[in-house]
Amino acid sequence: MAEEPPPGSRPKPPMSRIMRLSLRAVDYVADATRRADGTVNRRVLSLLDPRVPAFSSPCRGVASRDVVIDPTLRIRARLFHPARPGDAKGAPLPVIVFFHGGGFAFLSAASLAYDAACRRIARYASAAVLSVDYRRAPEHRFPAPYDDGLAALRFLDDPDNHPADVPLQSRCFLAGDSAGGNIAHHVARRYAADVPAFKNVRLAGVIAIQPFFGGEERTPSELRLDGAPIVSVARTDWMWRAFLPDGADRTHEAACFTSPGAAAGLDSPAFPPVLLVIGGYDPLQDWQRRYCEMLKDSGKDVRALEYPDGIHAFFLFPGFDDARNLMTRIAEFVGESHDGGSE
């Protein structure tokens, strides 16, 4: 078992004082709205994390609209796409299905940070981004967000659901950060295990940005960096308790990618290449490196991007140079993955 470092020895990531204060505000939102009984104060959270509207008129070169992807469950998503001049439709766009972070319990597709991030991804990658407003814990535990991710793929699989003014390719990527990266992985597994269920959508890649995985042990990075911005042992423990089925521990398949229950789909050739992002100041980095090794041992194509100065969720803050660099690398991954699939 890893030993906890002595007080005062924990490294601090390089950043401006203003950025450090901004991150403390993010920590405050999570701590002020999560209750000891495992519930979330949604009323207070709605005040601290107000929803921003979609913009049909281009904002920084990208337009957006809200769509319903599952009327029965009332699951919504926000579709972002680069603006076209005049009435021009242009070539069909690849689609990135995005899952926001927030420990399965916080934030949404309409949160300011994720609205802005998806707008940047659409602009850099010249792609449509479908940001899924999946159901959140603890009101909706495992496997609700994974089911909602598959619902998004089924929505895209039906061409009748595609907007007439935004032609979409069948080529699709799954992306997400933190809990969203976890969701992207598990949705990819489920897709790969049941490819015949999809007539049109073809999964071309997974973009896992600092995915949220875990286990019962405390890894060296979790202890060394406990108290780093956004992620702490206390917060992640609370999030797993809120999301996992009652009575489950962190050996459950949702948290532990080596669990026997997490194996389905990984042996399929339809499980796509993975772009994995790891930050050097992210307490979860040891789990992410183990995830990388698991994929390699399974014979999967995985490319790991290491950002030594990256805190957890750094890509949400464009003030970091690494955040801008990652947008470029995502665009390259999407471009390189073009396989000439149906458009």
Are [X] and [Y] connected, step by step, through hydrophobic side chains (Ile, Leu, Val, Met, Phe, Trp, Tyr) whose heavy atoms are closer than 4.5 Å?
X: L284; Y: V233; result: no
X: W238; Y: V44; result: yes
X: V52; Y: L79; result: no
X: F155; Y: L73; result: yes

Least distance between heavy atoms, [X] atom then [Y] atom:
X: P211; Y: G181; answer: CB-C, 3.9 Å
X: Q210; Y: A313; answer: OE1-N, 3.1 Å
X: L168; Y: P92; answer: C-CB, 3.9 Å
X: L275; Y: R329; answer: CD2-O, 4.2 Å
X: L326; Y: F315; answer: CD2-CB, 3.6 Å

| message | For I18, is the CD1 atom crowded, meaning more than 12 foreign heavy atoms sit under 6.0 Å from it? | response | no

| request: Verify the neighbour count for atom CZ of R20: are there more than 12 heavy atoms of other residues, nucleotides or ligands below 6.0 Å? | output: yes

Over 60° means perpendicular and under 30° means parallel, so tell me whether [X] and [Y] are parallel, tilted or perpendicular.
X: Y146; Y: F104; answer: perpendicular
X: F213; Y: H185; answer: perpendicular
X: F243; Y: W240; answer: tilted
X: Y191; Y: F198; answer: tilted

| field | Aromatic ring proximity F314/F320, centre distance under 6.0 Å | value | no

| task | Ignoring hydrogens and angles, state whether a donor on the side chain of S111 or D49 is under 3.5 Å from an acceptor on the partner side chain. | result | yes

| task | Go through the steps to decide whether C172 and V97 satisfy the test side-chain contact (heavy atoms from CB on, under 4.5 Å), and finish with yes or no. | result | CA-CA 7 Å; C172 177; V97 178; 3.7 Å; yes

| request: Please determine if E332 and R303 form a salt bridge, counting it only when a charged side-chain N lies under 4.0 Å from a carboxylate O. | output: no

| message | Could you check whether D66 pairs with R78 (Lys NZ or Arg NE/NH1/NH2 to Asp/Glu carboxylate O, under 4.0 Å)? | response | yes

| query | Is NZ or CZ of R290 both nearer than 6.0 Å to the six-membered ring centre of W287 and within 45° of the ring axis? | reply | yes

| request: Assess whether ring pair (Phe, Tyr, Trp, His ring centres under 6.0 Å) is satisfied between Y134 and H100, documenting all intermediate values. | output: CA-CA 9 Å; Y134 58 84; H100 65 82; 4.3 Å; yes

| field | Candidate pair V277 and Y307, rule side-chain contact (heavy atoms from CB on, under 4.5 Å), full reasoning | value | CA-CA 8 Å; V277 179; Y307 289 92; 3.9 Å; yes

| Main-chain N/O of G214 paired to R250 side chain as donor or acceptor, under 3.5 Å | no

| Under the 3.5 angstrom rule, does the side chain of R141 hit a backbone N or O of A242 as a donor-acceptor pair? | yes

| Pairs involving residues 49-82, ordered by first then second residue, that meet ring-ring contact (aromatic ring centres under 6.0 Å, His included) (sequence neighbours left out) | none

